[in-house]
Amino acid sequence: MPRSKPDTVTTVLARGRLGIPSVVFFVIAAAAPLTVIAGGATTGYAVTGVTGIPVSYLVVAAVLAMFAVGYVAMSRRIVNAGAFYTYVTYGLGRPAGVAAAMVALLAYNAMQIGLYGGFGAVLAQFLQSRYGWDITWWLCALIAWAFVAVLGLLRIDLNGKVLAVMLVAECAVAVVFDAVMLGHPASGTVAFDTLAPSHIFAAGIGAALVTAITGFVGFEGTVVFSEETKDPRRTVPRATYIAVALTGLLYGLSAWAMSVATGPDSIVDAARADGTDLIFNLVSPHLGTSVVTIGRILFITSLFAALLSFHHTVARYLFALGRERVLPAALGRTSRRTGAPKVGSIIQSLVAVVVLVGYAAANADPIVHLFFWVTVTGGLGVLALMTVTSAAVVSFFARIRHGEGPWRAAVAPLIATIALAAILVVTLDEFDTLLGVHPHSPLRWLFPAAYAIVALIGATWALILRAARPDVYSAIGLGPESATASLRNPSIVRQPA
């Protein structure tokens, strides 16, 4: 009997449900602004000892804006929930594309699952200090897991509304906190020392840039939701630029505001002493207890919003690979009622709960071993993906006729590739520092090596498909057109190599 294929109703994501605001909410929620401000910026000061953290956020925002030029130019020609996987396929060939897909699955799962450790620990600590409830971190994490598992199966626009409420509230609180800190400078006058461009060339700036770039992971997800937008050629570019601009400015402003409130010379010591409580301790003397409590609650919901957003990203990568039968075709099915990629969503939830149970059984530290180690490793994978994708954009436009112009098709993507590659090299060189382990610890190489292994597996699997199932191989990267294994308008989009 011929192999049965998913019907067209269940292999298409729900179209037209997301506009520019909804996509922006999803991608900024994945970046978790308040989590980055309260946790990422203070950790950056404490771990690196560099006072130029505000500059590093602005520099990274500029690099990612450069990356976005070619990224969104490609999105106008290719609309596919596979994002990085699809772009690498079109630019560098099918084996490289499948390798990128495996890296993406590992990286985004790491980001999503690692966040459960932070959420569980922070919520448990909050309930203990506020109400005296003695609840283990893993129970709090499992409660969040249950909500994410259910929301992941619902309509994408409903999830967008949930994220919108959380995101607007946390950004508003962050701006209020910034205003309070800038209004009460430690020295009596607002100092701009930590914003000095000279920090770009200071010792240790590499580690600061690595710390900063993890705060932007998620902005590239605009393309993941492209098939569900009302007008992908207009929505994706605008949402991408808005996301980079808003997060970059908010991160830079907040990191600078903290240095103003403590004094530029004292920010590192203050961050090491107070940790993630720094921003709350700085504003507490000037705001009512209720406002600070709201901020702490929004810190928790910020983590939850990121969990939900990354869950959707993973589910859509699995959907894209299942639809093209690179992975089991069942993953390419969507819910008839909600249009959500139900099988991919369920698989991601199952993987997450297995890891959570494993960490709980091992009595591992949820902050160090799950939240910090695993999310940092996830950020490394996304950084590698962005570097390769930027190179793929250059290759793609070099091989087709287009009207994008040299800036969008070659110059900006090439600059982004060089800059991202430099940051990636620094990341690997200083990965022991980021993990907080000895320079000779095998962990500094084991985590990065995992990406090399899955990439090799992906490329090998693509070559196996080429030999054993050429029909599947020829459809790799075609997305919604994979059922016909050909593009209806080859003059606009060239088939993958």
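The structure places CD1 of Ile300 at 10.5 Å from CG of Leu34, a figure rounded to the nearest 0.5 Å. Interatomic distance, CG of Leu246 versus SG of Cys171, reported as 7.5 Å (0.5 Å rounding). Here the straight-line distance linking atom CD1 of Ile294 with atom CG of Leu298 works out to 7.5 Å at 0.5 Å rounding. Atom CZ of Arg316 and atom NE2 of His311 lie 8.0 Å apart (nearest 0.5 Å). Trp145 CH2 to Ser349 OG: the interatomic distance, rounded to the nearest 0.5 Å, is 6.0 Å. The distance from atom CD1 of Ile279 to atom CE of Met258, rounded to the nearest 0.5 Å, is 5.0 Å.
The side chain to side chain donor-acceptor pair (under 3.5 Å) contacts involving residues 256-273 comprise Thr194-Ser259, where partners must be two or more places apart or lie in separate chains.
Between Leu318 and Val314 the shortest side-chain heavy-atom distance falls below 4.5 Å. Residues Met386 and Tyr71 are not in side-chain contact: their nearest non-hydrogen atoms beyond the backbone lie 4.5 Å or more apart. When side chains are defined from C-beta on, Tyr87 does not count as touching Phe396, because their heavy atoms never get closer than 4.5 Å. Contact annotation: the side chain of Asp274 never approaches that of Thr42 to less than 4.5 Å [non-hydrogen atoms, C-beta and beyond]. The side-chain heavy atoms of Val376 and Phe431, taken from C-beta on, include a pair separated by under 4.5 Å. Within the 4.5 Å cutoff, side-chain heavy atoms of Gln128 are placed close to those of Asp134.
Ring geometry, His286 versus His184: the interplanar angle falls under 30°, so the pair is classed parallel (tilted spans 30 to 60°). Ring geometry, Tyr108 versus Phe310: the interplanar angle falls from 30° to 60°, so the pair is classed tilted. Ring pair Phe216/Tyr57 is tilted by interplanar angle, where 30° to 60° counts as tilted.
Because its NZ or CZ atom is not both nearer than 6.0 Å to the ring centre of Phe126 and within 45° of the ring axis, Arg296 does not count as a cation-pi partner of that residue.
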